[in-house]
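What follows is one structure encoded as structure tokens, with my remarks underneath.
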Amino acid sequence: MTTVTADDLRERVRALLAEHDPGSTDRDDFLRARFDAGLAWVHFPVGLGGLGAPRGLQAVVNAELADAEAPDNNPPRIGIGLGMAAPTILKFGTDEQKHRFLRPLWTGEEVWCQLFSEPGAGSDLAALGTRAVRDGDDWVVTGQKVWTSGAHSARWAILIARTDPDLPKHRGITYFVCDMSAPGVEVRPLRQITGEAEFNEVFLTEVRIPDAHRLGEVGDGWRVAQTTLMNERVAIGGGAMPREGGLIGIVADTWRKRPELRTPDLHDRLLRLWVDAEVSRLAGERLRQQLAAGAPGPEGSAMKLAFARLNQAISGLEVELLGEEGLRYEEWTMHRPDIVDFGGRDAGYRYLRAKGNSIEGGTSEILRNIISERVLGLPSEPRNDKDIAWKDLPR
Amino acid sequence: MTSPDLLYSDVEDDLRSSVRSLLADRCPPTAVLARCEGDRPHDLPLWSTLARELGLAGLLVPEALGGHGASAREAAVVLEELGAAITPVPFLSSAVLATSALLACRGAEPELTSLASGGLTAALAVPLSAAADGAFPGGVRADEDGVLTGRVGSVPDGAVADLLVVPAVGPDGPGLYTVRTDAGGVDRSAPVPLDLTRPIADISFEQAPGRLLAGPGQAEPALERALLTGAGLLASEQLGIAQWCLETTVAYLKERTQFARPVGSFQSLKHRLADLWLELVSARAAARNAADALAAGSPDAPVAVALAQAYCAPAAVRAAEECVQLHGGIGMTWEHPAHLFLKRAKADEIALGTPGRHRARLGHLVGLPG
Ligand SMILES: Cc1cc2nc3c(=O)[nH]c(=O)nc-3n(C[C@H](O)[C@H](O)[C@H](O)COP(=O)(O)OP(=O)(O)OC[C@H]3O[C@@H](n4cnc5c(N)ncnc54)[C@H](O)[C@@H]3O)c2cc1C
């Protein structure tokens, strides 16, 4: 097998653009053609939007297409699909599932959400109680999920449910793809501290899921979910970006444009955060270089931890820097946005939304547990929940 | 700007393992501790092996002059290992600081050749605390014949240098001179250092004969280049220190039992170590970035160096402080080597510009003025 080079990719981009002029082609048509040309995610296999090329070469494709002003798939709108569902489907899905789901997922024609957390199972996700019971070729699913981001815009969900309550909690779980338009799925908004409702609670009442929509083996859902969670942390920890590409860039801009806001104390704190942000960016870059060929390991969790702390510190500094303006907020009206956009909003929103960064995708406390146990090999706290049947756990 | 290569190459990994195995054999912390109280705190036999057999003395010297023609990336890897073993050898002072200054001067080939062979050890005659953005030092004066008079304090490894590279103000302005320490007129004394593993010397020149290497217009950038290179590579030494401190602490907490369980199973400690590990991972990226920028002669090197110092210096200090604290009573003893790392880390924080100074420098470089 010959390896794909940057020049091959440029050639393929040229061919794509020649056949589908982005100026005159419908956006979805263009994105489908890009997927079929293997230029969606070049590290994916041929036939599934990729070319089996090194992951690092994606940047070449993106740059060429951006130069040609071609439409992109608006990644922030479909982050859960791209960052979590897709790698899990790729690793555990059947051929049929891969071909059914990946293309519209990538083009954004079908948005995905994540039905993992429950009122009684957050950090202790493996304690989840939503039940899936086999009935012929279907599973019948009943339970309640919560904090489901974007459930109101989603066509599909990745879902974990309990298929065997008699086994210890990690073992009786199975992973499914759930149709959000199926009868019995009810989505209700949950308003957040920002005023809007990005997340929801989702009630599942005897929802029928065909067995063909199971990902991985029955009872193997916890292992499948690990792939999702590792990828989620990497996705939240951020992709490649230029210097000052994150929230620090917004504060730095304000600092440069508005000398009247400057004080020595703020200056010192700004520079400290600039250093931390730039070093974290480089650490992320180093991690990407390490991962160029492999899969995300627990180090990805470390980046998510750093990202949460930084975002919170920087957005906090920004509100303070703005002084009197920091007393105002854009608006508290209840919305149901389908995108999280840190950059396009005001400082108060950034400050409040960043609070979720250390909760979503595994809290910072849980991430520290993971690092200390899986990376440093420190012993776990004494536990009393590992070897007893889920149904007998104290609640 | 192309993205920096932040990984280690195979050649760098090989270099690391040969340095590491030599140090494991010849320089365990117990030996460093025993030596640093004696009247010969430097391990010159070890330095001779490192310098000649592994060729570290001439690592940065071009092959044509008998060196290895390696880059800052390789020197950085060596410093990680030397830091992780707090090795009392004059690598940073001779093979990095003095060598970089000489490399930036024209006509220093004879000195560089002697350094590369390991026959001569040099020191840059500036205080360890000197920073690349500082004013040109004015403590030593030179006359028109290159005869030096004056004083410079806290010169790292100054006591074991055969050759000093001295910034001095001559009749026409700033100059860089070389002075043999065995020539008359050079007097060296050794103050009691905070960091026992990198001794410092106070040096006075009384009509000491020097050789002019670079005059006004060349001496300043040569000195700046040396101090910038030194600061950038010091970050890798700091990384090595932090790495030792974290590894040693983790190993101890797995083993030490209190309340009928390993203390390393207590979450408050686990979380502290997780944070420390995150800092270590970050420090590695910052140090590699600086080494890569220096190696590539990147225009971004001043930013990369200031960034690495602003981050790695406090990271090493924190790792060493946590190492002492989490060892409990034993961490407070003279017998346990933790204090050697603490002292090195703290001295390194002042070395070649404090973190605050590097932050201020960054403010200028990236357009965030106060
Ligand atoms: C903005 C946002 C979006 C989200 N989107 C989604 C989504 O789309 N899909 C989805 O499934 N979930 C989503 N979540 C849910 C998120 O994954 C959970 O909130 C998170 O895992 C924490 O669970 P919990 O809320 O039940 O808190 P709990 O687990 O009850 O935690 C409460 C506190 O205890 C701490 N804690 C718990 N266990 C330990 C321990 N062992 N050691 C130390 N401290 C501990 C936690 O860190 C936390 O501070 C979202 C959350 C937020 C904030």
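Fair warning: this is a prediction, and the values are worked out from it, not measured in the lab. Here is how names work: the chains are called A, B, and so on, in the same order as the sequence lines, proteins then strands, and each is numbered from 1.
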(message) Test side chain to side chain donor-acceptor pair (under 3.5 Å) on A:Ser358 and A:Gln312; report intermediate values, then the result.
(response) CA-CA 9 Å; A:Ser358 53; A:Gln312 293 175 352; 2.9 Å; yes
(message) Using a 6.0 Å cut-off, check whether atom CG of A:Asp387 has over 12 heavy atoms from anything other than its own residue.
(response) no
(request) Would you mind telling me which of B:Ala286, B:Ala308, B:Pro262, B:Ser282 has the largest number of heavy-atom pairs within less than 4.5 Å of chain A? (result) B:Ser282
(request) Salt-bridge test for A:Glu360 and A:Lys304: reply yes if a basic N is under 4.0 Å from a carboxylate O, no otherwise. (result) no
(request) Identify which one of A:Thr3, A:Val61, A:Leu39 satisfies the side-chain contact (heavy atoms from CB on, under 4.5 Å) criterion when paired with A:Leu51. (result) A:Leu39
(message) Any salt bridge linking B:Glu349 with B:Lys346? Criterion: basic side-chain nitrogen under 4.0 Å from a carboxylate oxygen.
(response) yes
(message) Taking the basic N atoms (NZ, or NE/NH1/NH2) and the acidic carboxylate oxygens, is any pair closer than 4.0 Å for A:Glu381 and B:Lys270?
(response) no
(request) Measure B:Leu368 against the heavy atoms of chain A and call it side chain, backbone, both or neither at under 4.5 Å. (result) both
(message) Quick check for you: among A:Gly377, A:Ser280, A:Pro259, which has the greatest number of heavy-atom pairs under 4.5 Å with chain B?
(response) A:Gly377
(request) Let me know if B:Arg261 has heavy atoms under 4.5 Å from chain A in its side chain, its backbone, both or neither. (result) side chain
(request) Against chain B, label A:Leu270 side chain, backbone, both or neither, depending on which of its atoms sit under 4.5 Å from a heavy atom there. (result) side chain
(message) Which one wins on heavy-atom pair count under 4.5 Å against chain B: A:Pro264, A:Ser372, A:Ala283?
(response) A:Ser372
(message) Could you check whether any side-chain N or O of B:Arg73 sits under 3.5 Å from a backbone N or O of B:Asp5, counting only pairs where one atom can act as donor and the other as acceptor?
(response) yes
(message) Is B:Pro369 close to chain A through its backbone or its side chain, or both, or neither, when contacts mean heavy atoms under 4.5 Å?
(response) both
(message) For the interface with chain B, which of A:Asp268, A:Leu266, A:Thr263, A:Val275 has the highest count of heavy-atom pairs at distances below 4.5 Å?
(response) A:Val275
(request) With a 4.5 angstrom heavy-atom cut-off, could you sort out which part of A:Arg272 is near chain B: side chain, backbone, both or neither? (result) both
(request) For each of B:His358, B:Arg284, B:Glu247, tally heavy-atom pairs with chain A at distances under 4.5 Å, and name the one with the top tally. (result) B:Arg284
(message) Heavy-atom pairs under 4.5 Å with chain B - which of A:Val279, A:Ile370, A:Leu305 has more of them than the others?
(response) A:Val279
(request) May I ask you to decide whether A:Arg309 forms a salt bridge with A:Asp276, counting only side-chain N to carboxylate O separations under 4.0 Å? (result) no
(request) Heavy-atom distances under 4.5 Å only: say whether B:Val366 touches chain A with side chain, backbone, both or neither. (result) both
